[in-house]
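Here the structure is laid out as structure tokens; the discussion comes afterwards.
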Amino acid sequence: MTQGATVRAYRGAILHFKRDPATVADASHAYEYFADGLLLVRDGKVERVGEAAQLLPALPAGTSVIDYRDRLLLPGFVDVHVHYPQTDIIASYGEQLLDWLERYAFPAEQRFADTQHAGEVAAFFLDELLRNGTTTACAFATIHPESVDALFAAAQRRSMRLIAGKVMMDRNAPAYLRDSAESSHRDSEALIRAWHGRARLAYAVTPRFAPTSTVEQLERAGQLYADHPGVYMHSHLAENRAEVAWVSELFPESRSYLDVYERFNLLGARSVYAHCLHLDDADRARMADTGSTMAFCPTSNLFLGSGLFDLDAAYRHGARVGIGTDVGGGTSFSMLRTLSEAYKVVALAGQRLAPLRAFYLATLGGAAALDLDRDIGNFESGKEADFIAIDLHATPLLARRMERCESLAEQLFALMMLGDDRAIARTHLLGECVYARA
Ligand code: GUN
Ligand code: ZN
């Protein structure tokens, strides 16, 4: 053993995915499951995973074995779309998207001019993610550069993987929340220099959505995305019918809403678009061909009355899909609750979200959607050891339903339909326990 290396072993039921179960004839080839498994972590990275009976005898003498035998160990959840400044307006009554932005989101975001407020909300937000088993997120901040500083600083203190960016918004928003094409370019570039690639952090160029950016600002966004390889592009696309109609008025020369973004070179393997509800097949094909990600945000789409994501159509076209909570349009930080709503959304279209595929999407699928599957998403050797310990008996009802389960898939389905933050017993980042349920 290297001098000073920290090696720990975690013993429990272990599940992780190797590939998307929807893309293999036999779903059992997509994952590994060890009913009595061992996860070996060295200096924050996965060293090995396998059967406890095989790995225990070979452990270096003195290795501490943490007993999670009554838990299910999973890679941490990945939330591909969320707004940290909207934490305080989650569950705000009565509006669809455009009025909801005016009435709730914009006033809440105005408060992030105050760096103390930003720091306080950032800390709560990240702790809430960890409490829900989410170890990586792709997040909106506000137009204020200090709101990004606050979030990245808080993530760095927790050694958390995070993608975030300053909102760019130079029209169709209240004066108190507008930047300019020039200032948004300058501020974004300074934030990229300050934060991108530092610790586990990455920057996302973040024009809010097409209606709140001028042509000049969208051009600047395209320049930033092109000039800084490795940075992300994060925005909203085709969420609400009134929004889609507005975009076609504002950009009459574009074939579709997606085409607006494509004209400004904003599609690509690190582009993440929330919602993608009102697309046609030509749009879906462009999303797939460019490697762009669709963030499926079911609690938000139901809450704001926006529409139903067509998961089968996304898969048919080979588009990348991740799951987002979209708090505060979304109504829960819990990926389990989000998967439950995803199941119901696709059921309304006569489709099925199989439980193995659901947990793939929440872990390795989310990592791939964020182009992070080299670093996180499963327990392959060398990956960062972000993982959670799930209590399948967290509530009386879950415990009772588990007793009747006859397969792993059935257990996972009960977990995603009945589980929430109460089922997250522990959350680990780079091997370290950062949350333990009381
Ligand atoms: N479209 C533009 N801004 C937003 C936002 O803050 N939330 C949601 N759900 N959609 C948006
Ligand atoms: Zn959003």
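Values reported hereafter were calculated over all heavy atoms of this structure, with side chains retained and with hydrogens, waters and symmetry mates removed. Computed from a predicted structure; not experimentally measured. Sequence positions, counted from 1, serve as the residue numbers for this chain.
- Using a cutoff of 4.0 Å between basic side-chain nitrogens and carboxylate oxygens, R71 and D391 are scored as salt-bridged.
- Centroid-to-centroid, the aromatic rings of F387 and Y10 come within less than 6.0 Å.
- The shortest non-hydrogen separation linking D20 to A30 is C-CB, 4.1 Å.
- Residues M160 and L126 form a side-chain contact, since some pair of their non-hydrogen atoms from C-beta on lies under 4.5 Å apart.
- Of the options Y232, F296, F140, Y273, a ring pair (Phe, Tyr, Trp, His ring centres under 6.0 Å) to H81 is made by F140 and by none of the others.
- With values rounded to the nearest 0.5 angstrom, F333 atom CZ is found 5.5 Å from E128 atom CD.
- Between M402 and L415 the shortest heavy-atom distance is CE-N, 3.9 Å.
- D375 pairs in a salt bridge (Lys or Arg N to Asp or Glu O under 4.0 Å) with only one of the listed residues (R161, K45, K383), which is R161.
- Nearest heavy-atom pair across T338 and S332 is OG1-O, 4.2 Å.
- Side-chain atoms of Y225 and S271 include a donor-acceptor pair closer than 3.5 Å.
- Closest non-hydrogen pair, Q86 versus G328, comes out as OE1-N, 3.1 Å.
- Distance OG/S292 to CG/L258: 7.0 Å, rounded to 0.5 Å.
- Note: L39 CG to H16 NE2 = 9.0 Å, rounded to the nearest 0.5 Å.
- Taking the side chain as every heavy atom from C-beta outward, L412 and L15 approach each other to under 4.5 Å.
- A distance of 11.0 Å separates OG1 of T135 from CG of L162, quoted to the nearest 0.5 Å.
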Going through the distances and angles, do V260 and L218 end up as a side chain to side chain contact (heavy atoms under 4.5 Å, CB included)?
CA-CA 9 Å; V260 175; L218 291 171; 4.2 Å; yes
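- A donor-acceptor distance shorter than 3.5 angstrom exists from the side chain of N378 to the backbone of F17, with no hydrogens or angles considered.
- Salt bridge R200/D386: present, at least one basic N to carboxylate O contact under 4.0 Å.
- Counting only heavy atoms from C-beta outward, the side chains of M417 and K344 approach each other to under 4.5 Å.
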Walk me through whether L130 and L429 qualify under side chain to side chain contact (heavy atoms under 4.5 Å, CB included).
CA-CA 9 Å; L130 296 171; L429 293 178; 3.9 Å; yes
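- At most 12 heavy atoms of other shown residues, nucleotides or ligands fall within 6.0 angstrom of atom CZ in R337.
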Using the side chain to side chain donor-acceptor pair (under 3.5 Å) rule, take D179 and Q217 through it: C-alpha gap first, then chi angles, then the decisive distance, then the call.
CA-CA 10 Å; D179 53 17; Q217 188 169 56; 3.0 Å; yes
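- Between H275 and Y257, a ring centre-to-centre spacing not shorter than 6.0 Å is recorded.
- The local environment of CZ in R241 is sparse, with at most 12 non-hydrogen atoms from other residues, nucleotides or ligands closer than 6.0 Å.
- Of the possible donor and acceptor atoms, none in the side chain of R426 sits under 3.5 Å from a partner among the backbone N and O of C433.
- Remark: side-chain polar atoms of R178 are paired, donor with acceptor, to backbone N or O of A173 under 3.5 angstrom.
- Atom CZ of F124 has 12 or fewer heavy atoms from other residues, nucleotides or ligands within 6.0 Å.
- No side-chain donor-acceptor contact under 3.5 Å links S213 to the backbone of A210.
- Annotation: cation-pi geometry not satisfied between R263 and F251 (NZ/CZ under 6.0 angstrom from ring centroid, within 45° of ring axis).
- Proximity of a side-chain donor or acceptor of Y104 to a complementary backbone N or O of Y93 within less than 3.5 Å is detected.
- Ion pairing of E182 with R186 is present here, as a side-chain N (NZ or NE/NH1/NH2) and a carboxylate O approach within less than 4.0 Å.
- Here the side chains of F303 and C297 are not in contact, with every heavy-atom distance at 4.5 Å or above.
- Remark: the backbone N or O of E243 is paired with a side-chain donor or acceptor of N240 at under 3.5 angstrom.
- Across every non-hydrogen atom of F359 and L74, the tightest pair is CD2-CD1, 3.8 Å.
- Residues L336 and D420 form no side-chain contact, since every pair of their non-hydrogen atoms from C-beta on lies 4.5 Å or further apart.
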Steps toward side chain to side chain contact (heavy atoms under 4.5 Å, CB included) verdict (L302, L308)
CA-CA 8 Å; L302 294 172; L308 304 176; 4.3 Å; yes
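- Aromatic rings from Y31 and Y360 are positioned such that their centres are separated by 6.0 Å or more.
- Annotation for R437: atom CZ counts as buried by contact number, over 12 foreign heavy atoms lying within 6.0 Å.
- Here the side chains of L370 and T293 are not in contact, with every heavy-atom distance at 4.5 Å or above.
- Between L277 and V244 there is no side-chain heavy-atom pair separated by less than 4.5 Å.
- Panel note: side chain T299, backbone T331; a donor-acceptor pair is recorded below 3.5 Å.
- Not one N or O on the side chain of S188 forms a donor-acceptor pair closer than 3.5 Å with the backbone of H185.
- Aromatic ring centres of H83 and H236 lie closer together than 6.0 Å.
- Ring geometry for W195 versus F152: interplanar angle of 30 to 60°, hence tilted.
- Residues Q351 and D310 come closest through the heavy atom pair NE2-OD1, 2.8 Å.
- Side-chain rings of F112 and Y84 approach one another, their centers coming within less than 6.0 Å.
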Please step through side chain to side chain donor-acceptor pair (under 3.5 Å) for the pair D79 and T134, ending with a clear verdict.
CA-CA 7 Å; D79 183 345; T134 297; 5.4 Å; no
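- Remark: the backbone N or O of P211 is paired with a side-chain donor or acceptor of N172 at under 3.5 angstrom.
- Here CG of D88 is found 12.0 Å from CZ of F125. Values are rounded to the nearest 0.5 Å.
- The residues E432 and R158 are annotated as not salt-bridged, no charged nitrogen and carboxylate oxygen being separated by less than 4.0 angstrom.
- Rounding to the nearest 0.5 Å places CZ of R208 at 9.5 Å from OG of S235.
- When side chains are defined from C-beta on, D43 does not count as touching V7, because their heavy atoms never get closer than 4.5 Å.
- In this structure, Q96 contributes its side chain and G305 its backbone to a donor-acceptor pair below 3.5 Å.
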Go through T206 and M168 one step at a time and tell me if the side chain to side chain contact (heavy atoms under 4.5 Å, CB included) criterion holds.
CA-CA 6 Å; T206 309; M168 303 169 76; 5.6 Å; no
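- Heavy-atom contacts from other residues, nucleotides or ligands closer than 6.0 Å to CZ of R131 number more than 12.
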